[in-house]
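Remarks on the structure that follows.
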Amino acid sequence: MGRPWRGGFWIVLAAAVIRPLSCLLTRRRWSGQGNIPASGGVILVANHLSTVDPPLLAHYVYAAGRSPRFMAKSDLWEVPILRRVLAGAGQIPVYRRDPSAGGALRDAVAALRAGRALVIYPEGGITTDPDYWPMRARTGVARLALATGAPVIPVAQWGAQRIWGRDRRPHLFARPEIRVHAGRPVDLSRFVARSGAPTDPSGVADPSGAWLLREVTDVVMADLTAVVELVRGEPAPPPAGSTVPADSVPPADPVPPAGSVEPGPEIPGQPEAAASPGARPPDPDAPRAGSAR
């Protein structure tokens with residue numbers, strides 16, 4: 001599975017800052033954490049609502065027993081203190097419109113092959129949809145999935161935009177309910193055989209793999225949108241330009257009632273909860289209280 005990730009100290013530090021703020025400023029409605037593998041490389045694809053949803057999502061993933069590794073805009077590395085934390089925690093900068101942009105994909109592939117939990121926003125930024133629905137995604141998630149064979153887990157979130165939304169004003173005392181749900185792995189088995197000699201749906205050769213990448217990406221986004229619908233409790237508008245028929249998307253798992261939070265492993269600085277029957281073993285990469293690898 002590879003060497004344990006040595007960003008433990010910075011992850012514990014970030015958790016010590018994020019968790020109390022998350023609990024103070026929000027109400028949590030978490031579910032589906034059992035769909036996140038306890039160990040091994042995994043791609044967590046999430047919808048992007050607000051500049052504040054990454055730390056809230058990190059809290060969810062960390063409480064599920066995994067140390068999240070985000071692919072994030074390189075602009076964040078320009079903030080001196082934040083740069084040190086991000087680098088120390090092993091996060092991956094994405095340099096857009098830059099010759100070195102491919103390095104982020106190589107780093108992400110290496111992280112997945114080393115057994116890390118990679119978080120990616122496939123849309124490439126905060127959604128510009130007026131109702132906050134997911135947008136058409138870039139094909140990076142398909143490249144990662146086909147290159148590594150890592151499972152792809154759709155993670156839907158809702159509520160962060162009520163803390164910081166399009167008005168660009170903080171609403172720190174609203175304490176909105178933050179809903180996060182991880183769905184079942186996306187079924188990409190039918191694309192594996194085609195990845196060696198890709199063709200388009202009519203059988204015409206597709207040497208660049210562009211059509212295959214678009215198909216895989218659209219399947220991932222269709223599953224993610226289905227989970228977002230479940231979390232929001234309303235149907236999404238038909239996607240524009242998708243290669244996936246709307247009626248071919250499998251139903252998502254039900255979301256538990258409001259106020260529920262699935263139990264996770266111990267959070268630094270908090271008493272350890274009793275283990276529930278059938279609980280999964282924790283990820284060996286997930287740091288524990290007092291650890292600094």
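Side chains are part of it too, since the values below use all heavy atoms of this structure and drop only hydrogens, waters and symmetry mates.
In the hydrophobic clustering of ILVMFWY residues, with side-chain heavy atoms under 4.5 Å counting as a link, Ile43 and Leu188 come out together. By the criterion of side-chain heavy atoms lying less than 4.5 angstrom apart, applied directly or through intervening Ile, Leu, Val, Met, Phe, Trp or Tyr residues, Leu56 is not grouped with Val228; the two fall into different hydrophobic clusters. Hydrophobic clustering, with ILVMFWY side chains joined whenever heavy atoms are under 4.5 angstrom apart, groups Val152 together with Phe191. Note on Val219: it clusters hydrophobically with Val141, by side-chain heavy-atom contacts below 4.5 Å among ILVMFWY residues. The hydrophobic cluster containing Met221 does not contain Leu146, counting ILVMFWY residues as joined when their side-chain heavy atoms lie under 4.5 angstrom apart, directly or transitively.
Listed by first then second residue, pairs satisfying ring-ring contact (aromatic ring centres under 6.0 Å, His included) with a partner in residues 121-148 read His48-Tyr121, not counting sequence neighbours.
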Report, one line per pair, each donor and acceptor closer than 3.5 Å where one atom sits in a side chain of residues 153-162; sequence neighbours left out.
residue : atom : partner : partner atom : Å
Gln157  : NE2  : Asn47   : O            : 2.8
Gln157  : NE2  : Asp53   : OD1          : 3.4
Gln161  : OE1  : Gly159  : N            : 3.1

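Within the 4.5 Å cutoff, the side chain of Ile178 has heavy atoms near those of the Pro176 side chain. Within the 4.5 Å cutoff, the side chain of Glu123 has heavy atoms near those of the Pro134 side chain.
Listed for the Gln91 side chain is a donor-acceptor partner under 3.5 Å among the backbone atoms of Pro68.
Both tests pass for Arg28 against the ring of Trp30: distance under 6.0 Å to the centre and angle within 45° of the axis.
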Go through the steps to decide whether Asp223 and Val45 satisfy the test side chain to side chain contact (heavy atoms under 4.5 Å, CB included), and finish with yes or no. CA-CA 10 Å; Asp223 277 29; Val45 293; over 6 Å; no

Before you tell me yes or no, could you show the steps for Ile120 and Leu44 under side chain to side chain contact (heavy atoms under 4.5 Å, CB included), namely the whole-Å CA-CA distance, both residues' side-chain angles and the distance that decides it to 0.1 Å? CA-CA 6 Å; Ile120 180 172; Leu44 305 176; over 6 Å; no

Walk me through whether Arg66 and Ile36 qualify under side chain to side chain contact (heavy atoms under 4.5 Å, CB included). CA-CA 9 Å; Arg66 300 303 302 262; Ile36 299 177; 3.9 Å; yes

Pair Asp107, Leu105 - check side chain to side chain contact (heavy atoms under 4.5 Å, CB included), show working. CA-CA 5 Å; Asp107 290 345; Leu105 281 177; over 6 Å; no

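Minimum interatomic distance between Asn35 and Ala182 (heavy atoms only, all atoms of both residues): ND2-O, 2.9 Å. In plain terms, the two heavy atoms of Arg69 and Ala111 that are nearest each other are NH1-CB, 3.5 Å. Considering every non-hydrogen atom in both Tyr60 and Gly32, the closest pair reads OH-C, 3.6 Å. For His59 against Cys23, the heavy-atom pair with the smallest separation is CE1-SG, 4.2 Å. Between Glu229 and Ala236, the shortest heavy-atom contact is OE2-N, 2.7 Å. Between Ala147 and Val109 the shortest heavy-atom distance is CB-CG2, 4.4 Å.
In terms of the side-chain contact (heavy atoms from CB on, under 4.5 Å) criterion, residue partners of Pro151 (sequence neighbours excluded) are, by chain and number, Pro37, Val42. Residues meeting the side-chain contact (heavy atoms from CB on, under 4.5 Å) test with Ala108, sequence neighbours left out: Met71, Ile92, Leu118, Leu144. Applying the side-chain contact (heavy atoms from CB on, under 4.5 Å) rule to Arg169 yields the partners Asp167, His171; only residues at least two apart in sequence or on another chain are considered.
A donor-acceptor contact closer than 3.5 angstrom links the side chains of Ser189 and Asp187.
How far CZ of Arg27 is from CD of Glu177: 5.5 Å, rounded to the nearest 0.5 Å. Separation of atoms CD1 (Ile126) and CE (Met135) is listed at 9.0 Å; rounding is to 0.5 Å. Taking OG1 of Thr139 as the reference point, atom CZ of Arg143 lies at 4.0 Å (rounded to 0.5 Å).
Think of Val17 as one node in a network of Ile, Leu, Val, Met, Phe, Trp and Tyr side chains linked at under 4.5 Å; its network also takes in Leu21.
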